[in-house]
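What follows is a single structure, written as structure tokens, with notes after it.
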Amino acid sequence: MEYNFRAIEKKWQEHWVKTHAYRVSNNSPKPKCYVLDMFPYPSGTGLHVGHPLGYISSDIYARYKRLKGFNVLHPMGWDAFGLPAEQYALETGQHPAVTTAQNTAFFRKQLDNIGFSFDWEREINTSDPNYYKWTQSIFLKLFNSWFDRSLQKAVGIDKLIALFESNGNAGHECPGDRTISFTAAEWKQYSEAQQREILMHYRLAFLAYAEVNWCAALGTVLANDEVVNGVSERGGHPVVKKKMRQWFLRITEYANRLLEGLETVAYSEAMKEMQRNWIGKSQGAEITFKIDGNTDNVVTVYTTRPDTIFGVDFMVVAPEHELVAKITTPDKKEDIEKYLDYVQSRSERERMAEVKSITGAFTGAYAVNPFNGKLIPVWISEYVLAGYGTGAIMAVPCGDQRDFLFARHFNIPITNIIGDAFTGEEANPTKDAILQHSDFLNGVNMKAAMDIAADKIESMGIGKRQINYKMRDSGFSRQRYWGEPFPIVYKNGIPYALEDKDLPVTLPHVENYKPGEEGEGPLANITDWVNIDADTKRETNTMPGYAGSSWYFLRYADPHNTTTFADRSATDYWNQVDVYVGGTEHAVGHLLYSRMWTKALYDLGEIGFDEPYKKLINQGMIGGSSRLVYRIRGTNTFVSHGLKEQYETDALHVDVNIVDGVELDIEAFRNWKPDYNNAEFVLENGKYLCGTQLEKMSKRLFNTVNPNDVVEKYGADTFRMYEMFLGPVEQSKPWETKGIEGVHRFLKKLWRLYADEQKGLIVKDAPATPEELKVLHKTIQKIDADTEHFSYNTAVSQFMICVNELSTLKSNKRSILEPLLVLLTPYAPHLSEELWHLLGNTSSILDAPYPVFEEKYVKESAFNYPIAVNGKTRTELSFALDVENTAIEETVLANETVQKWMEGKPLKKMVIVKGRMINIVI
RNA sequence: GCGGGUGUGGUGAAAUUGGUAGACACGCCAGACUUAGGAUCUGGUGCCUCACGGUAUGCGGGUUCGAGUCCCUCCACCCGCACCA
């Protein structure tokens, strides 16, 4: 009876399907545990061995928790809307729904092959109308609500209308336009169009004309995080700013709660830091300066350093700022216009690329320092961004390096307010210096001065404290076909929400996927879908990729519900995701949006918690280890790696799947490509050895490995354990197929503890020896702790140690081997179930009781102490653990080796750490 | 530039959190069994040295009886952000 993994794995996978072994109920007396993977976008290329790393980790955890008595939700689904399917449709004419269905089927097959415990009855697909109906519904909830800053939460828009009717917008500053202000009487007189326009400035999902990242090549608008250095993250196409009417989510209103929520969740420090940086909270003040000789205009700046107010030597206004036209003096008009032309001519990309060059122009206007009346020249420059703060800054060259460089470049005199702390060579951004030349702040430490200055500014009525965020409201429109249609219609150009009963707004069939004339999405071309009647048109944009993924974890709790996105009792039961496993690439995008949606749904009373993911694990990436062959230049002869220095060669990538370790399969190589049919080889020791190189896993480099192939050769259990054995889950590491043999040998060795090739089952019911019990309980302790802490690589090691030791002991006792199988189940479920049944069990091992660690079996009565002299280990001596220190000292000092190393010198001190070591100090 | 992280054998890595550095594997070397081995088993394997022993966790310093682990300086690499006032 040998370990026939192919038959075993097939048998149990079928059995588990037949018995609904992974079906999870929403009603259980057990405590719940929700283990979630970031669901994949089902691309056309399928999975490579790097993808399942996270899924295996979460599967081990889910199975472990189940054995420990939890009711575990561990679902899987598809983030199925997205650009690649549409791009493919553009190229081939195949409908995205068709290719998506094909791809998900393929992914599903690959996943099933690895033996995951997903409850497929809860499978979701974001492109399914039964799913996106609820994405649209939640969008409407956002559209129909606003963020009440006094309550710091989302509230229904009807509440806001009631407030307007009684008080106007006093006390509820308009987040979309701070200048809007009206009384109750004025509100009542507004037309419906005007009222709805104002409401739009408050809604959490809103429509605005805004500069968006327009990517002509992709024919769509991209979110800020989809643009990297001025080009599209996907494809690297140029991106320009364009004004379009776009949907947005008012995520900025949640900035502070998103920041504070980070304190309550277990994400890695790096991940939290990335989100904090993205949110970019800063505390400072807005200060308004009068302009000399211009009573109609003022310049309002934002600064985080009000303490440096006496060091202001110039002002800089963003070139796009509306003030520029109003304050420029006639004699500077030409200079300014020339500069604005220059700015206009530069693409976003160029501006990003040349951050170091210093450019600007003087407006001719002077602002007046309200504290000392000093006249401050007002400049414009690219380095001030219109979109941040007030779009204008007060420049303090002695404290800010950019201001310093600007001042030096344009010969603007620098005022030093920090004495010796400023060298004149570069700015010093310290907050600890003592202020000078600063009037009422003289002699004050800068940190303290910040508050004093801010108080003074507020009391003089020339400004106020202000908190700013780098984060922008997120664009929620895509000019694309393959996404959720908006449940919005325009009547005479005014947007109206549909009602839940009108949902879903299904995607109509289209013949082509080309953009509309004005850059709208392909939906704009389907006129009978768009035009409901003469005055009523549908929204033709679709939602972005992160719409469906922002709330999917809620749907798994109640995936078939037809009356709501998920019943409150179901989301209350499953509650937050206990462990969320996925890659770091979603650090700022998906996670922030998902956190915001959760908070909004919580505010609106739809769910009972406001953070979606309690704990986040970021699996590392699996890199490719490429194999190289060396072709002698100008020939079809390949020279082995060790001999390549003797020739002039070119290194070529070779498919890693036809290389065993580093030894090339020459026949397979000849058959790989026609060019190599009659290749010649210069061998070393009769073998052709390849070079290796670590790089990204990519089809182009021929270093991708399909999990199916590995599973076919070694089995799913081996594959699962090997992926875990590679190293810590969070760490990135290269894939080496060769190394898998160690894990495979281990499983075969384990099998032989239970079954012999000839004799069959060899497990005996005899009582276990103390040695055997010690091995078992050491293993229980380590596996239990390691599994709980996602330390799967060390857990696999412990299994190996255990099996090695039991093999040495020739152990075959049921009381040892049966519990061991339960420990192994999360890692190697098929093999465990098979042996479990061979041992005579009739119920599934999936719900077996987890072995309980008992200290008494591992307790040692004595310890073999390393004996060090001055920190260097010289010998070992065994002492009972309950023996007195004085007795130890005596024996140790009498020891021959110790005597030798003490060289007759007097003992200064003896350090005895019980159960650890002994150090003799001389 | 700012923030986060990582540096340990030929390779992936471990180290009970300050206590015998290199567990467990891959690879390599030697051997056993075998018609054969890409099966299985045994032994060896950080470096220097015939050995005694010395030396070793990116570099240099410090704290300590004792440092891979704590502190300081520097170096290298990876990831994220990047004119955010």
Side-chain angles (χ1 to χ4, degrees), chain A residues 2 228-229 268-278 280-282 284 301-305 308 316 351-352 354-358 381-385 387-396 399-403 405-406 429 468-471 584-585 587-588 618 620-621 625 660-663 692 694 722 725-728 730-743 745-746 748-749 752 757 781-782 785 791 793-801 804 807 864-876 908-913 915-922:
Chain A
E2 60 174 1
V228 178
N229 292 330
S268 71
E269 203 39 52
M271 192 64 56
K272 288 187 186 182
E273 204 53 38
M274 272 188 243
Q275 293 200 15
R276 286 191 198 109
N277 286 341
W278 189 260
K281 181 176 182 170
S282 73
V301 301
Y302 175 68
T303 180
T304 54
R305 298 296 301 272
T308 61
V316 187
R351 277 180 76 164
M352 293 286 202
E354 305 171 29
V355 292
K356 293 286 173 278
S357 67
I358 300 163
S381 173
E382 282 188 295
Y383 85 90
V384 171
L385 307 175
Y388 184 77
T390 60
I393 63 157
M394 55 179 228
V396 182
D400 182 289
Q401 187 62 11
R402 289 156 311 175
D403 297 347
L405 293 172
F406 193 90
N468 269 330
Y469 299 94
K470 277 199 274 185
M471 184 165 66
T584 41
E585 65 272 25
V588 288
N618 294 114
M621 302 229 287
S625 178
D660 178 40
V662 292
E663 185 184 350
T692 64
L694 297 181
Y722 180 55
F725 186 60
L726 284 176
E730 297 90 340
Q731 204 164 302
S732 291
K733 53 241 160 185
W735 174 268
E736 280 290 353
T737 302
K738 191 74 182 168
I740 200 170
E741 286 171 13
V743 175
R745 273 200 275 272
F746 150 73
K748 283 195 284 192
K749 191 167 177 179
R752 287 196 303 272
E757 260 184 61
Q781 187 183 28
K782 181 100 173 113
S791 181
N793 55 327
T794 52
V796 175
S797 299
Q798 182 58 37
F799 278 123
M800 291 173 169
I801 292 168
N804 287 348
S807 298
N864 202 26
Y865 287 88
I867 314 292
V869 179
N870 276 350
K872 286 195 200 302
T873 305
R874 297 303 181 185
T875 185
E876 287 181 356
K908 269 201 198 133
K909 179 173 171 185
M910 189 178 306
V911 183
I912 300 173
V913 184
R916 287 266 187 269
M917 46 67 66
I918 294 167
N919 190 16
I920 297 155
V921 189
I922 53 170

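Here is the naming used below: chain letters follow the sequence lines, and residue numbers restart at 1 for every chain. The shown structure was predicted, so the numbers you read here are calculated from the model rather than taken from an experiment.
- Contact between A:Met274 and A:Val588 at its shortest, heavy atoms only, is O-CG1, 3.7 Å.
- Taking each heavy atom of A:Val869 and A:Ile922 in turn, the nearest pair found is CG1-CD1, 4.1 Å.
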Report summary line: Per-nucleotide protein contact along nucleotides 26-39 of chain B, 5' to 3', at a 4.0 Å heavy-atom cut-off (B base, S sugar-phosphate only, - neither), is SS----------BS
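- Classified by its glycosidic torsion, B:rU17 falls in the syn category, the angle being within 90° of 0.
- Separation of the P atoms belonging to B:rC50 and B:rA13 is 34 Å when rounded to the nearest angstrom.
- Among the nucleotides B:rC41, B:rU20, B:rC83, the one closest to the side chain of A:Glu382 is B:rC83.
- Pairing partner, B:rG27: B:rU45, with both Watson-Crick or wobble hydrogen-bond distances short of 3.5 Å.
- Considering only the side chain of A:Lys872, B:rU55 comes nearest among B:rG19, B:rU55, B:rC83.
- No hydrogens or angles were tested; on distance alone, nothing pairs the side chain of A:Asn277 with the base of B:rC81 as donor and acceptor under 3.5 Å.
- Going from the C1' atom of B:rC48 to that of B:rC33 covers 37 Å, rounded to whole Å.
- In this structure, A:Lys733 and A:Met274 both approach RNA chain B, and ranking their closest nucleotides by distance from the 5' end singles out A:Lys733.
- Nucleotides B:rC74 and B:rG4 are separated by 16 Å at their P atoms, to the nearest Å.
- Nearest to the side-chain atoms of A:Asn919 among the listed nucleotides B:rA85, B:rC65, B:rC24 stands B:rC65.
- Which of B:rG4, B:rC24, B:rA13 sits closest to the side chain of A:Glu273 comes down to B:rG4.
- Base orientation of B:rG9: syn (glycosidic angle within 90° of 0).
- As the counterpart of B:rU34, no nucleotide is assigned, since no Watson-Crick or G-U wobble pattern has both distances under 3.5 Å.
- Comparing B:rU20, B:rG19, B:rG4 by their closest approach to the side chain of A:Glu876 singles out B:rU20.
- Closest to the side chain of A:Lys470, out of B:rA25, B:rC81, B:rC83, is B:rC81.
- For A:Gln731 against B:rU6, a side-chain-to-base donor-acceptor contact under 3.5 Å is absent.
- If you find the closest nucleotide of RNA chain B to A:Ile920 and to A:Thr873, the one lying nearer the 5' end belongs to A:Thr873.
- Comparing B:rG19, B:rA85, B:rC65 against the side chain of A:Ser282 picks out B:rA85 as the nearest.
- Using a 4.0 Å cut-off between charged nitrogen and carboxylate oxygen, A:Lys748 and A:Glu741 do not count as a salt-bridge pair.
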